[in-house]
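Everything on this sheet refers to the single structure shown next.
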Amino acid sequence: MNKLVVGNWKMNGRLAANEALLAGLVPVAGLEVVLCPPFPYLAQLAQRAGGVGLGAQNLSAFDDGACTGEVSAGMLADLGCSHVIIGHSERRALFAESDADVAAKMARAVAAGLRPIVCIGESLVERDAGLVFEVVGRQLAALESLLPTLAADQFVLAYEPVWAIGSGRAASAEQVAEVHDFIRAWLLERKPAFVTVRILYGGSVKPENAAALFALDNVDGGLIGGAALDAAAFMAICRQAAG
Ligand code: PEP
């Protein structure tokens with residue numbers, strides 16, 4: 001199966017700057033790419049980004065209706081989104097999203113035909129306290145009730161250690177391998193078919209470290225933040241993911 005590279009633009013971009021960035025992106029054979037701009041620019045990318053999947057960075061846990069300021073799963077599907085990031089650590093930390101909120105959003109995404117990219121990962125305090133598997137296991141357990149009806153290609157998991165995001169300090173290959181292996185084993189205990197669920201790594205992926213991370217078993221691609229805003233860096237990461 002081809003690897004998946006997701007570009008999370010976070011709260012960055014303007015119409016002209018987005019055009020310039022998109023102009024620097026070219027299709028890479030043997031790779032699936034999804035770009036996740038802020039909500040206002042989804043329509044721009046839907047028209048402009050040929051050959052690339054479109055994803056949002058969040059969605060509402062509620063259905064359409066009296067919910068001012070929210071964006072529903074149905075709206076994202078209507079705009080052509082195939083994916084949606086859920087439970088990014090910035091949302092968990094800055095907007096107090098709980099494991100239960102993440103599960104509710106995942107359910108909304110799946111019901112609308114979107115593929116959720118569910119982010120999980122420990123903070124530095126949790127890692128230093130030896131709680132990595134406990135935290136990741138708890139975040140996975142929150143999704144468990146949704147899994148029986150899901151096929152492997154209906155959702156994506158992203159291991160993103162909080163301390164590695166935007167810090168310039170990616171997790172080491174050993175750290176990534178042990179958590180990805182843990183996540184895969186957890187999935188396989190639920191369903192043998194989950195052997196093909198994509199597990200992405202995210203956290204300071206750069207052209208310099210991408211090849212080593214993507215070479216690991218159970219690393220099926222990457223969730224790229226800062227480097228996704230630089231066309232040359234993002235293309236270099238994509239080429240390494242394509243092998
Ligand atoms: C992210 O935003 O999900 C992320 C991994 O960011 P960065 O690549 O900048 O660490």
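Order of appearance sets the numbers: ligands from 1, and atoms from 1 within every ligand. If you read the sequence from its start, that first residue is 1, and numbering goes on from there. All values below come from the heavy atoms of this structure, side chains included, with hydrogens, waters and symmetry mates left out.
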Indicate yes or no: at least one non-hydrogen side-chain atom of [X] is less than 4.5 angstrom from one of [Y].
X: Leu25; Y: Val33; result: no
X: Ile183; Y: Asn218; result: no
X: Phe194; Y: Glu189; result: no
X: Val179; Y: Phe133; result: yes
X: Lys105; Y: Asn58; result: yes

With a 4.0 angstrom cut-off on heavy atoms, strictly below it, pick out the residues next to ligand 1 and order them by chain and number.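 Within 4.0 Å of ligand 1, the protein residues are Asn8, Lys10, His88, Glu160, Ala164, Ile165, Gly166, Gly202, Gly203, Ser204, Leu223, Ile224, Gly225, Gly226.
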
**Item:** Among Val102, Ile86, Leu150, side chain to side chain contact (heavy atoms under 4.5 Å, CB included) partner for Leu143
**Value:**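 Passing option: Val102.
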
